[in-house]
Amino acid sequence: MISQPLVSVIIPAFNAQNYISETIDSIIAQSYTNIEIIVVDDGSTDNTAEIIKSYNNIVKYVYQNNSGGCSVPRNTGISVCKGELLTFIDSDDLMPPNRVESQVSFLCNHLDIDLVFSDYQNFGLHGKSSSTHFQECPNFHKFLDGKNEIIIDRACEYLADENFGISGTFMLRRRLLNHVSGFNTALKACEDFHFYYQLARFTRVGVINQVGMLRRLHDNNMTKSEYKMFSEGIKCYKMLIDSEHNNIAKDHLKRNLAIRWRALGRYFTNNGKYMKALSSEIKGFASDVRIKSMFSLLTGVARAVAVAAKLHIPSDK
C-alpha cells in the first residue's frame with residue numbers, strides 16, 4: 001500500500017439540503033487530504049443538487065432515481081469511486097478533523113487488517129450526548145478496557161452481541177469487496193450492520209477508541225421509523241443467522257433477533273394490533289428458546305392482554 005492511499009468518502013443523499021453542506025465541510029476540513037468525496041443524490045427534489053454542485057470539482061456528484069433506501073446509492077458510490085480505502089457517512093452527520101487520518105494510519109500500520117471502526121457520539125439541538133456509543137455497549141466497553149486501539153480476531157462474536165458500529169464509523173480496504181461486493185438492496189434499514197458484519201468474517205478487525213463520527217439526531221432520522229427499523233432488523237438478523245457458521249456468533253444473533261421480535265410486539269401492542277403483537281412475542285421466544293426468553297414471552301403477552309383490556313396504558317416500555 002502506498003503511504004498516502006486515496007480515501008473515497010461516499011455520501012448517500014436524499015432531500016439533504018438542510019445539513020449536506022456541514023457534512024461536506026467536515027470532510028474537507030480533515031487533517032488527511034488525499035480524499036475524494038462522492039455524493040450520490042438518490043432522487044432529491046429539494047436544493048440538494050445545487051448545493052453539491054456549488055463545490056465544483058471538490059465533490060463528485062452522481063444523480064440517480066430514488067431507490068427508497070441507502071443501499072443502492074452507497075453501492076453506486078462504490079462502483080464509481082477510485083480509492084484504495086473506502087468509508088461512508090450519511091448526509092446529516094459530521095466527521096471530527098482527525099477521523100480519516102487516524103483510520104488510514106491504523107490500516108497502514110496493520111497491513112493484514114482490512115476493516116477498522118471508530119466510536120461515535122450523538123448530537124442535536126441541545127448539544128452532544130453525555131456518552132459515546134462504545135460507552136453504551138457495556139460488554140464491548142469492558143472488553144476495550146480503556147485501550148486506545150485494539151485488534152479483534154473474531155469480531156463477529158462481538159458485533160453479534162453488541163453492535164458497536166454504524167454506517168459512518170468504519171473504513172475498509174477495497175480488496176474486501178472481493179468477498180462482499182456491496183450493501184444488500186433487499187434491506188431498507190440495518191443494511192449497514194449486515195454489510196460490515198459480513199466484511200468482518202473475512203478479516204481481523206481494528207477498533208480505534210476515539211470518536212470518529214458525530215451522528216445528528218433530528219425528526220427525519222431513519223431511527224424515528226420504528227416499524228421499519230424493527231421489521232428490517234428482523235430480516236437482517238435472519239439473513240445473518242442463516243449464513244453464520246460460528247456457533248457463538250449465531251447464539252448472539254439469535255438473542256438479538258428475539259429482542260427485535262419483542263420490540264415489534266411492543267410496537268404492535270401500542271398501536272392496537274394485538275394478534276400481531278402476540279404473534280411477534282411467540283416468534284421472539286422461538287428465536288431464542290431459554291428460560292429467560294419464556295419469562296419475556298409471558299411478560300409481553302400479559303402486557304398485550306392488559307393493554308387490550310384497557311388495564312394498562314400503552315408505552316414504549
Side-chain angles (χ1 to χ4, degrees), residues 1 7-8 10 70-71 74-75 78 83-89 99 102-120 132-134 136-145 147 149-187 189-210 212-213 232-233 235-257 259-260:
M1 171 132 57
V7 177
S8 298
I10 298 169
C70 290
S71 292
R74 289 191 187 121
N75 289 344
I78 290 173
E84 173 63 24
L85 305 176
L86 288 73
T87 191
F88 306 85
I89 189 168
R99 153 65 188 283
S102 65
Q103 290 188 327
V104 171
S105 177
F106 183 94
L107 290 173
C108 286
N109 289 329
H110 301 88
L111 297 180
D112 62 323
I113 294 175
D114 295 340
L115 182 64
V116 61
F117 288 83
S118 296
D119 200 356
Y120 74 89
T132 72
H133 182 63
F134 286 174
E136 294 170 355
C137 297
N139 296 332
F140 187 70
H141 190 245
K142 183 178 180 180
F143 176 67
L144 275 173
D145 193 29
K147 297 182 180 69
E149 61 182 46
I150 62 171
I151 297 171
I152 310 176
D153 288 327
R154 297 183 301 278
C156 287
E157 295 178 9
Y158 297 89
L159 284 167
D161 180 34
E162 293 174 332
N163 177 12
F164 56 80
I166 199 172
S167 60
T169 64
F170 66 94
M171 180 179 287
L172 68 141
R173 295 189 203 273
R174 178 177 290 276
R175 67 191 183 197
L176 261 190
L177 298 174
N178 293 329
H179 300 287
V180 186
S181 61
F183 293 80
N184 192 312
T185 57
L187 293 169
C190 302
E191 74 290 334
D192 53 346
F193 176 68
H194 185 267
F195 179 58
Y196 58 70
Y197 184 96
Q198 290 188 100
L199 294 176
R201 289 171 169 167
F202 299 98
T203 179
R204 294 196 298 161
V205 170
V207 177
I208 300 172
N209 193 11
Q210 67 181 40
M213 188 197 78
E232 293 296 298
K235 186 191 298 184
C236 168
Y237 275 83
K238 288 172 71 175
M239 288 177 178
L240 293 175
I241 289 169
D242 288 343
S243 59
E244 184 56 73
H245 301 294
N246 180 320
N247 288 331
I248 294 175
K250 181 173 283 191
D251 285 343
H252 289 321
L253 288 171
K254 287 180 177 179
R255 292 183 186 184
N256 275 286
L257 174 60
I259 289 170
R260 279 151 183 80

>> Give me the atom names and distance for the closest heavy-atom approach of Ile151 to His110.
In response: CD1-CD2, 3.5 Å
> Hey, what do you get for CD (Gln210) to OG1 (Thr132), rounding to the nearest 0.5 Å?
Replying inline: 11.5 Å
> Rounded to the nearest 0.5 Å, what separation is found between the CG atom of Leu159 and the CD atom of Gln198?
Replying inline: 12.0 Å
>> Using ring centroids (six-membered ring only for Trp), state whether Phe88 and Phe183 fall under 6.0 Å.
In response: yes
> In Å and rounded to the nearest 0.5 Å, what is the CZ to CD distance from Arg74 to Glu191?
Replying inline: 4.5 Å
>> When you compare the side chain of Thr87 with that of Arg99, does any pair of heavy atoms fall below 4.5 Å?
In response: yes
>> Which residues pass the side chain to side chain contact (heavy atoms under 4.5 Å, CB included) test with Thr169, not counting sequence neighbours?
In response: Phe117, Tyr120, Ile166, Met213
>> Does Leu172 form a side-chain contact (heavy atoms from CB on, under 4.5 Å) with Leu115? I'd like the steps, not just the answer.
In response: CA-CA 4 Å; Leu172 68 141; Leu115 182 64; 4.0 Å; yes
>> Is the shortest side-chain heavy-atom distance between Leu199 and Phe195 below 4.5 Å?
In response: yes
> Do you know which two heavy atoms are closest between Ser102 and Ile208, and how far apart they sit?
Replying inline: O-CD1, 3.5 Å
> Less than 4.5 Å apart, any side-chain heavy atom of Val207 and any of Tyr158?
Replying inline: no
> How about His179 and Leu176: do any of their side-chain heavy atoms sit closer than 4.5 Å?
Replying inline: yes
> Asp161 and His252: which non-hydrogen atoms are nearest, and at how many Å?
Replying inline: N-CB, 3.7 Å
> At their closest point, which heavy atom of Ala160 faces which heavy atom of Ala249, and how far apart are they?
Replying inline: CB-O, 3.5 Å
> With sequence neighbours excluded, what pairs up with Asn256 under the side chain to side chain contact (heavy atoms under 4.5 Å, CB included) test?
Replying inline: Tyr237, Ile259, Arg260
>> Could you report the tightest heavy-atom contact between Cys190 and Cys236, atom names first, then the distance?
In response: O-SG, 3.7 Å
> Does Asn163 reach the main-chain N or O of Gly165 with its side chain, forming a donor-acceptor pair under 3.5 Å?
Replying inline: yes
>> Within this structure, what is the CG-CZ distance for the pair Leu85 and Arg175, rounded to the nearest 0.5 Å?
In response: 10.0 Å
>> When you measure from the side chain of Asn209 to the backbone of Asp119, do you find a donor-acceptor pair of N or O atoms at a distance under 3.5 Å?
In response: no
>> Can a donor-acceptor pair be found, under 3.5 Å and without considering hydrogens, that links the side chain of Arg173 to the backbone of Ile113?
In response: yes
> Distance-only, no hydrogens or angles: does the Glu162 side chain make a donor-acceptor pair with backbone N or O of Phe164 under 3.5 Å?
Replying inline: no
>> Would you compute the distance between atom CG of Asn246 and atom CZ of Arg154 and round it to the nearest 0.5 angstrom?
In response: 7.5 Å
> Taking it one step at a time, do Met239 and Leu187 satisfy side-chain contact (heavy atoms from CB on, under 4.5 Å)?
Replying inline: CA-CA 10 Å; Met239 288 177 178; Leu187 293 169; 4.2 Å; yes
> If you measure from OG1 on Thr203 to CG on Asp153, what distance do you get to the nearest 0.5 Å?
Replying inline: 10.0 Å
>> Can a donor-acceptor pair be found, under 3.5 Å and without considering hydrogens, that links the side chain of Tyr197 to the backbone of Leu240?
In response: no
